[in-house]
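Computation of the quantities below employed the complete heavy-atom set of this structure, encompassing side-chain atoms and omitting hydrogens, waters and symmetry-equivalent molecules. A note on names: the letters A, B, ... follow the listed sequences, proteins ahead of strands, and every chain is numbered from 1.
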Amino acid sequence: MSLNLNALNDEQKKAVEAVEGPVLILAGAGSGKTRTLTYRLAYLIDKKIAKPSEILAVTFTNKAAREMKSRIDELIKKDISPLWIGTFHSICARLLRIEAENLGFSRNYTIYDVDDQVRAIKKVISTLSVPQQLYSAKLIQSRLSRLKNQLLYPDDIENLDRKDGLYEYMPDIYREYQKYLQENNALDFDDLLIKPTELFDNHPEIKKKYASKFNYVFVDEYQDTNKAQYLLIKKLVEDHENICVVGDEDQSIYGWRGADLNNILNFSKDFPKAKIYKLEENYRSNKFILDAANSVVQHNQERIGKNLWTNRDDGDRIKLYASKDDLDEAKHIVEKIHDEMYTKKRSFKDIAVLYRTNAQSRVLEEALHKNAISYNIVGSIKFYDRKEIKDIIAYLKIIVNPADSISLKRIVNFPLRGIGDTTISKIEKFAEIEGIKLFDAMGRVNDIASISPAMSARVVEFHQLINKFIGLNSKLSAVELVSTLTSETGIMHHYKTEYDQYESESRVANIKELFNSIEQFCEERAKEKKDVSLTAFLEEVSLLTDVDTWNSDSNAVTLMTLHAAKGLEFKVVFITGLEMNLLPLQRNSANIRELEEERRLLYVGMTRAEENLYLSYAVTRRKYNQSQSTIPSLFLDELPQELLEFSSGTEQKGAAKKGKGRSRKKKIESYFDHHGSSQVSDDMCFKIGQPVYHATFGKGQVLGIEGSGDKAKITVHFKDEDIVKKLIKQYANLSAVEN
DNA sequence: CAGCTGTATCTTTTT
DNA sequence: GATACAGCTG
């Protein structure tokens, strides 16, 4: 039986059948994008146009990859395990695993997460003359990541015309950091995307190997690709141009991590032969919801534009609620969840509550918990970010890759074995002089004169313990190894005894959960006859997205950020915090691009809803533990009043009641204006590098500005006393000095 | 070296 | 309102 395309509409069918050459599918929200992509893949294989091994498919989450794979499986009932499908990060990790040696890494390299990166940066800047009290390792990490996302190298930064003090140090930090990572046989998240391109540039034969292997390349959510991802794909397909990308410029929400909208806007310039298909029929949302979402996103300038329509009924109006404060907002949501359940027979899993920042989840969680509404929270406190899990993972990383000194330092004194910072520093110094790895230096600790024999004995014992596990790794299954490890290192004992009963139980339960997930991983991979090594498990764990760990089958209300909601759908959606400076959220360098991205974020949220959409804002909201009054979001003014049903939990009268409070124009002005650093005509405007004068501290130079307006925190280095102070602009009585 | 205590910073979104 | 870190004490 051959594949039946009757389940598709005409445009979808055309997009499926156009197999050769570059294809751009512009797929509006809810237009059956995933379905089309799935059929296209199935079609290629079913018609024997391509073997599974010749196809590369990039999805946005691992969950999406899994689901797509099982859908294809259902459609054509063929073995598709040779198909490469996954996120950019996991596909790159897989490729680099194979080719690591050509890059000066070994196959068992470790993937560093943000936490590891920060530790590595701390180590690196401690050897450089970077003023550490000015530039935190965290700040440097985010700058470095941004540079890498833009595919900039240390040499490029040296040529950059930047006056920001940190950029003076960035090239050195960058070089040293990469060197340190290589010594640790580790790659960070950004390296995963960059290194394949580097590899292809330096080894044309390797590029050729993959370019000719992958005859057909698919990229989902193309609007969220960054420069590194774009170039990688471009290199892979430049010969055959069999590339199919799917995306929606209105759902581009990752500009802040380097995603470049131009990748999709310029697709037909990059590939002049491109065929373009527009999927404009929305099957997901009722008409009122779709109309409202459309009218919001129409305010954006930077878009191709499309006419998303639906055959569905009008449905209910969108409910807008003005709450007294964030607690009232949460209470209101609880009430409406009950309404939905009793009047519309919804179950918990039909419902999602979305917000702009993770911090907003706390109040919501408490309200749901108090009212016995079960919920799942996506993101926020990630399972694999918990201390007990991270520690065990660090042990596993060391076992797999003993060069990984970041992980080594994390666990060398956990559980406590009396090996402190001083001893570690001595061993590190020794390792550096001898030019050996930290772990190997531990084996030779007896050669270090300044370490006492008693201390040496402890270090040697630790070294032997790890060596023993390294030996066991090839003999035991992953689960056996982890269970031996947790008992022999004393981790299990530590968590059973060192905490109160409640905490102890939950930590031990988490560790057991880790055992389960390792077992599950091995079983699943064994079924597909794939690698079940510890390395493979660690890779999977490192590259999990928030949504990947979400159990969408369990009957619970889902709480997540608007970002995490991309690609999902729910019968009922609540979007909270529609306030200025929350949605849209403002940054120091507010510009039109960022405002439009915030608008798209709301659009993404609204289009998740199938039947009922609730919007809310709070007149006052607690922030930094302080209650602040808010201004309703300017996006609310962009919603057609006739589609709304307004209610209020506050006494406020007049314009505020309609969710307005002040004119849209004023709000837009305030969005851009709010920030001291972007003001022009203000003589109290400080720039980085600006010389200033203070009555008590004397002359100084501005090193950084945080926040905005009168409340901006200004970091100043006062030359005379050589001290660095953080001052609040409002009170500081600082004056700018002309150059 | 370990454990305690006070303080700074955090809250944008994520692989 | 938590958490990570620095700095101090035993």
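Atom CH2 of A/Trp256 and atom P of B/dT15 are 8 Å apart (whole Å). Rounded to an integer number of Å, the gap from A/Trp550 CH2 to B/dT14 P is 15 Å. Summarising the geometry, the separation between CG on A/Asp548 and P on B/dT14 is reported as 13 Å, rounded to the nearest angstrom. Computed from coordinates, the A/Glu365 CD to C/dA2 P distance equals 13 Å when rounded to whole Å. What separates CG of A/Leu582 from P of B/dT12 is a distance of 11 Å, to the nearest Å.
Distances shown here put every side-chain N or O of A/Thr561 at or beyond 4.0 Å from the OP1 or OP2 atom of B/dT12. Of the side-chain N and O atoms in A/Asn358, one or more sit less than 4.0 angstrom from OP1 or OP2 of B/dT14. Proximity of A/Ser136 to the phosphate of B/dT9: no side-chain N or O atom is located under 4.0 Å from OP1 or OP2.
At a threshold of 4.0 angstrom between heavy atoms, the contacts of A/Ser542 with the nucleic acid are absent. Contact annotation for A/Met455: backbone-only contact, meaning every heavy-atom pair under 4.0 Å involves sugar-phosphate atoms and none involves a base. Residue contacts for A/Tyr254: at a heavy-atom cut-off of 4.0 Å it reaches the sugar-phosphate backbone alone, with no base atom in range. A/Asn413 comes within contact range of the sugar-phosphate backbone alone, with a heavy-atom separation under 4.0 Å but no base atom that close. Here A/Lys148 lies out of heavy-atom contact (under 4.0 Å) with every strand. Nucleic acid contact class of A/Leu416 (heavy atoms, under 4.0 Å, all strands): sugar-phosphate only. As judged by a 4.0 angstrom heavy-atom cut-off over every strand, A/Ser90 is placed among residues making no nucleic acid contact.
Judged by the 6.0 Å and 45° rule, A/Lys148 forms no cation-pi pair with A/Tyr153.
The ring of A/Phe635 has its center no closer than 6.0 angstrom to the ring center of A/His299. Here the two rings, on A/Tyr254 and A/His563, have centers that are under 6.0 Å apart.
In this model, no donor atom of one side chain and acceptor atom of the other lie less than 3.5 Å apart for A/Thr59 and A/Asp220.
Residue A/Lys138 has its side chain nearest to B/dT11 when only B/dT11, B/dA2, B/dT15 are considered. Of the candidates C/dA2, B/dT12, B/dT15, the closest approach to any side-chain atom of A/Arg356 belongs to B/dT12. Residue A/Ala359 places its side chain closer to B/dT11 than to any other of B/dT11, B/dT15, B/dT12. Each of B/dT12, B/dT14, B/dC1 was ranked by its minimum atom distance to the side chain of A/Leu585; first place goes to B/dT12.
Between A/Arg458 and A/Glu461 there is no salt bridge, since no side-chain N of the basic residue sits under 4.0 Å from a carboxylate O of the acidic one.
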